[in-house]
Amino acid sequence: METTGSAATPVRSPTPTLTVRPLSPAIGAEIIGVDLRDDIDDLLAQVMLDAWHQHLVILLRDQKLSEDDQVRFAERFGPPAKIHTQQFVRSHPAVMLISNIREDGKPIGALPDGEMQFHTDQCHQKIPAKASMLYAIEVPSVGGNTLFANAYLAYETLPADIKRRIAGRKALNAYDYDTAATIRKSEVPPGAPCYAHPVVRTHPATGRKALYVNRLMTRRIEELDPAESEELLTFLFNHQEQPRFIYEHLWRPGDILMWDNRCTLHARTDFSAGERRLLRRITILGEKPV
Ligand code: SIN
């Protein structure tokens with residue numbers, strides 16, 4: 001399957017009208033012509049997997065999905081992870097709400113408010129999720145967009161001396177942003193979950209190398225003095241967040257989008273606290289980054 005530039009490409013598949021349309025030069029593709037309530041047979045699942053590996057983010061629009069439909073779709077890519085924050089789970093143990101809607105003053109979903117800096121899901125854990133999937137139910141009229149950056153391109157376009165300086169290094173990632181997802185810290189607060197992963201990881205399916213640090217969660221590069229670590233990380237963050245590597249998704253209700261945490265980063269733009277935002281999230285179990 002070839003999808004280059006911005007041209008939409010028809011794909012040989014069990015769904016005769018299925019098309020894969022790139023969303024930007026760097027990352028993302030829309031799959032057109034599939035209703036995820038229908039059976040997803042092996043051939044269709046393979047076409048979607050190939051498109052996902054090639055474009056890193058896949059989008060399907062105008063879907064009308066129950067929780068069970070969304071779980072069934074997720075399961076075609078691997079086992080969904082059980083959610084540990086029980087208060088955000090609805091009926092299925094793998095489905096979590098992302099929402100700013102409050103009931104009795106408390107958000108019904110995780111990551112409720114405003115802007116979020118670039119990050120990758122669960123990079124503070126030993127075995128982060130390989131994929132995350134969001135299904136949009138209610139979205140604000142302006143903002144709350146999700147940006148995706150291509151971490152393969154970020155790595156491949158680094159200057160040779162920077163590649164040399166990060167080769168074989170690990171960086172410590174921490175999770176402490178329940179309420180402040182826009183403030184980068186270089187220290188890990190006591191008790192915050194954290195884990196050190198390779199700064200450059202290799203994707204197990206494509207064999208490509210991706211830059212695996214991010215502004216929100218990466219605190220330091222191990223075995224460097226703090227000033228050098230901070231200088232290098234600042235360079236890497238500014239490099240990987242360049243517009244040429246990014247697709248910005250403006251949500252519509254009925255959108256379902258799945259990204260690959262092994263080779264992408266994502267961020268969120270600000271939105272009004274006076275407007276409702278409600279998405280259903282599933283993450284899919286991954287492997288230890290190497
Ligand atoms: C996330 O970081 O998983 C949430 C992204 C979003 O709410 O757009």
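In each ligand, atom 1 is the first atom listed, and ligand 1 is the first ligand listed. Here the structure is a predicted model, which means the values were calculated and not measured.
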So side-chain hydrogen bond (donor to acceptor under 3.5 Å, both in side chains) across residues 92-102, not counting sequence neighbours, yields R102-D113
Please confirm whether T146 comes within less than 3.5 Å of ligand 1 when only nitrogen or oxygen atoms on both sides are compared.
-> yes
Of H119, R277, H249, which has the heavy atom at the shortest distance from atom 2 (O) of ligand 1?
-> H119
Do any nitrogen or oxygen atoms of W259 come within less than 3.5 Å of a nitrogen or oxygen of ligand 1?
-> no
Which atoms of ligand 1 have any heavy atom of R281 under 4.0 Å away?
-> 3 (O)
Measure L279 to ligand 1 on non-hydrogen atoms and call it side chain, backbone, both or neither using the 4.0 Å cut-off.
-> neither
Considering only the protein, which heavy-atom contact is closest to atom 5 (C) of ligand 1, and what is its distance?
-> L134 CD1, 4.1 Å
D121-H266 side chain donor-acceptor pair, cut-off 3.5 Å | yes
Using a cut-off of 6.0 Å, state whether more than 12 heavy atoms not belonging to R220 lie near its atom CZ.
-> no
Which ligand 1 atoms are under 4.0 Å away from a heavy-atom of I98?
-> 7 (O)
For the pair D35 and K64, find out whether any cationic side-chain nitrogen is under 4.0 Å from an anionic carboxylate oxygen.
-> no
Against heavy atoms of L111, which atoms of ligand 1 measure under 4.0 Å?
-> 1 (C), 2 (O), 3 (O), 4 (C)
Would D104 and K106 pass as an ion pair if we require N to O under 4.0 Å?
-> no
For H266, atoms of ligand 1 separated by under 4.0 Å from a heavy atom | 1 (C), 2 (O), 3 (O)
What salt bridge (charged side-chain N to carboxylate O under 4.0 Å, His left out) pairs are there with at least one residue in residues 69-86, not counting sequence neighbours?
-> D42-R76, D69-R72
Common cluster, I246/M258, ILVMFWY with side-chain heavy-atom separation under 4.5 Å | no
